[in-house]
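Some notes on the structure that comes next.
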Amino acid sequence: MHPTILPAGDSAFVFQLGTEVSSGINDRIIALAEAIAAAAPEGLIELVPTYRSLMVCYDPVRVRGRDLAAQVCGIYEALGPVGAATRRITVPCVYGGPVGQDLDELAEMKGLTPAEVIALHSGADYRVYMIGFAPGFAYLGGLPEALHTPRLKVPRQHIPAGALGIGGQQASISSVAGPSGWRFLGWTPVRAFAPESATPFLFRAGDRIRFRAVEQKEADEMLKRQAAGESIVDIELPQ
């Protein structure tokens, strides 16, 4: 894949691979970000991986963008085979209820029962393609085609953190409260963004996600355990 370098103001550029969304391209973008971070080139400030591109932010006083872009291209060319070693995370989810307010309507739209929608949503394997929009907000690929649904014409003004959404072909896990035009099937007690923590973001690009349906009582208990400092997600590390 031949990369394209796109300027982004006077202190950043975008390293882009292809024009499609695919796990293979995303794997290479993530691997490139890790390789650049390990090389720690002069003037590098931040790396922002997306579906098929990597934004490279730098200090123009310390390095010229053209020179850093050349370094990045060299690092990319030196990449070997990219593996798919990723974390696998099981996320508990309460379907329906006040947060999953679109479950019944979506089921009716699809000619399914709410239980069938839940089975489809919780039975899929998802990939975190990128973190964006809000701190820790996870964009997920892998939503079953039967659940692909356009966003709302009029966004709601308040959706709580932990809401599990559907927007077109994507699924999501909301990290903070805010407005949204996505449709929501449920809620997780898991905190995707904990700014007071040494590792504030739970999810990262490349993670594999699976949802596990739980009842509200179990979720309430999880909230208490989480508040006490206990992890309530099952994370399987790559071998």
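All residue numbers refer to positions in the sequence shown, counting from 1.
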Review point. Is it true that Glu230 and Arg225 make a salt bridge, defined as a side-chain N closer than 4.0 Å to a carboxylate O?
Key: yes

Review point. Can you say whether the rings of Tyr58 and Phe13 are parallel (under 30°), tilted (30 to 60°) or perpendicular (over 60°)?
Key: tilted

Point to revise | Side-chain donor/acceptor of Asn26 to backbone N/O of Thr50, under 3.5 Å | key: yes

Exercise for review: Answer yes if the ring centres of Phe211 and Tyr126 are under 6.0 angstrom apart, and no otherwise.
Suggested key: yes

**Study point:** side-chain contact (heavy atoms from CB on, under 4.5 Å) evaluation trace for Phe15 with Cys73
**Key:** CA-CA 9 Å; Phe15 181 99; Cys73 287; 4.1 Å; yes

Review point. Going through the checks in order, is the side-chain contact (heavy atoms from CB on, under 4.5 Å) test met by Val91 and Phe203?
Key: CA-CA 11 Å; Val91 177; Phe203 305 113; 4.0 Å; yes

**Study point:** Step-by-step side-chain contact (heavy atoms from CB on, under 4.5 Å) determination, Val48 to Leu54
**Key:** CA-CA 6 Å; Val48 184; Leu54 178 68; 5.7 Å; no

Check your understanding: Are side-chain heavy atoms of Val63 and Pro41 found at a separation under 4.5 Å?
Key -> no

Check your understanding: So if you build clusters from Ile, Leu, Val, Met, Phe, Trp, Tyr with side-chain heavy-atom gaps below 4.5 Å, do Leu223 and Phe193 land together?
Key -> no

Exercise for review: Could you tell me the separation between the CG atom of Leu32 and the CG atom of Asp27, rounded to the nearest 0.5 Å?
Suggested key: 12.5 Å

Check your understanding: With a 4.5 Å heavy-atom cut-off, do Arg210 and Asp125 have their side chains touching?
Key -> yes

Study note, to complete from the structure: dist Asp102:CG -> Thr149:OG1 (nearest 0.5 Å) comes out at 9.5 Å

Study note, to complete from the structure: Nearest heavy-atom contact between Leu47 and Ala37 is CD1-N, 3.9 Å

Check your understanding: In terms of hydrophobic clustering (I, L, V, M, F, W, Y; side-chain heavy atoms under 4.5 Å; direct or indirect links), are Ile5 and Leu44 co-clustered?
Key -> yes

Exercise for review: Give a yes or no on whether the ring-centroid distance for Phe137 and Tyr139 is below 6.0 angstrom.
Suggested key: yes

Check your understanding: Is any side-chain heavy atom of Tyr95 closer than 4.5 Å to a side-chain heavy atom of His121?
Key -> yes

Practice item. Please test Val94 against Val214 for side-chain contact (heavy atoms from CB on, under 4.5 Å), starting from the C-alpha separation and ending with a verdict. Key: CA-CA 5 Å; Val94 177; Val214 299; 3.9 Å; yes

Check your understanding: If you look at every heavy atom in Leu202 and Arg87, which pair is closest and at what distance?
Key -> O-NH2, 2.8 Å

Revision key, fill the gap. Separation between CG (Leu147) and CD1 (Ile166), nearest 0.5 Å, reads 5.0 Å

**Study point:** Reported CZ-to-OH distance for the pair Arg127 and Tyr51, which is rounded to 0.5 angstrom
**Key:** 10.5 Å

Point to revise | Donor-acceptor contact present, side-chain Ser197 to main-chain Thr199, <3.5 Å | key: yes

**Study point:** ILVMFWY network linking Val190 to Trp187, side-chain heavy atoms under 4.5 angstrom
**Key:** yes

Practice item. Answer whether the closest heavy-atom distance between the side chains of Phe133 and Ser172 falls below 4.5 Å. Key: no

Point to revise | Student check: side-chain heavy atoms of Thr90 and Val233 closer than 4.5 Å | key: no

Exercise for review: Before accepting this row, confirm whether a basic side-chain N of the pair Arg191/Glu196 lies closer than 4.0 Å to the acidic partner's carboxylate O.
Suggested key: yes

Check your understanding: Minimum heavy-atom separation for Ile29 to Pro49, with atom names?
Key -> CG2-CB, 3.9 Å

**Study point:** For Ala163 against Val99, the heavy-atom pair lying closest together
**Key:** CB-CG1, 3.6 Å

Practice item. May I ask you to test the Val128-Arg204 pair for a side-chain heavy-atom distance under 4.5 Å? Key: no

Exercise for review: Indicate yes or no: at least one non-hydrogen side-chain atom of Glu116 is less than 4.5 angstrom from one of Lys110.
Suggested key: no

Check your understanding: With a 4.5 Å limit on heavy-atom distance, are the side chains of Arg183 and Arg151 in contact?
Key -> no

Check your understanding: Which heavy-atom pair separates Ile159 from Ser180 by the least distance, and what is that distance?
Key -> CG1-CB, 4.0 Å

Review point. Is it the case that more than 12 heavy atoms not belonging to Glu108 sit under 6.0 Å from its CD atom?
Key: no

Review point. So does Glu215 have more than 12 non-hydrogen atoms from other groups sitting under 6.0 Å from CD?
Key: no

Check your understanding: Have Asp67 and Gln71 got a donor and an acceptor in their side chains that come within less than 3.5 Å?
Key -> no

Check your understanding: Does atom CD of Glu145 have more than 12 heavy-atom neighbours, drawn from other residues, nucleotides or ligands, at distances under 6.0 Å?
Key -> no

**Study point:** Pro114 to Ala107 - nearest heavy-atom pair and separation
**Key:** N-CB, 3.7 Å

Check your understanding: Any donor and acceptor pair, going by atom type alone, linking the side chain of Trp182 with main-chain N or O of Leu164 inside 3.5 Å?
Key -> no

Study note, to complete from the structure: In this structure, OG1 of Thr86 is separated from CG of Asp207 (nearest 0.5 Å) by 7.0 Å

Check your understanding: Can you hop from Leu140 to Leu143 via hydrophobic side chains spaced under 4.5 Å?
Key -> yes

Check your understanding: Can you get from Leu112 to Leu185 by hopping between Ile, Leu, Val, Met, Phe, Trp and Tyr side chains that sit under 4.5 Å apart?
Key -> yes

Check your understanding: With no hydrogens and no angle check, is any side-chain donor or acceptor of Ser11 less than 3.5 Å from a backbone partner on Pro60?
Key -> no

Check your understanding: Does Ala177 offer a backbone N or O that forms a donor-acceptor pair with the side chain of His158 under 3.5 Å?
Key -> no

Review point. So how far is it from Glu42 CD to Leu68 CG, rounded to the nearest 0.5 Å?
Key: 10.0 Å

**Study point:** Chi angles and distances behind the salt bridge (charged side-chain N to carboxylate O under 4.0 Å, His left out) call for Arg212, Glu218
**Key:** CA-CA 12 Å; Arg212 178 174 70 88; Glu218 183 179 353; 3.4 Å; yes

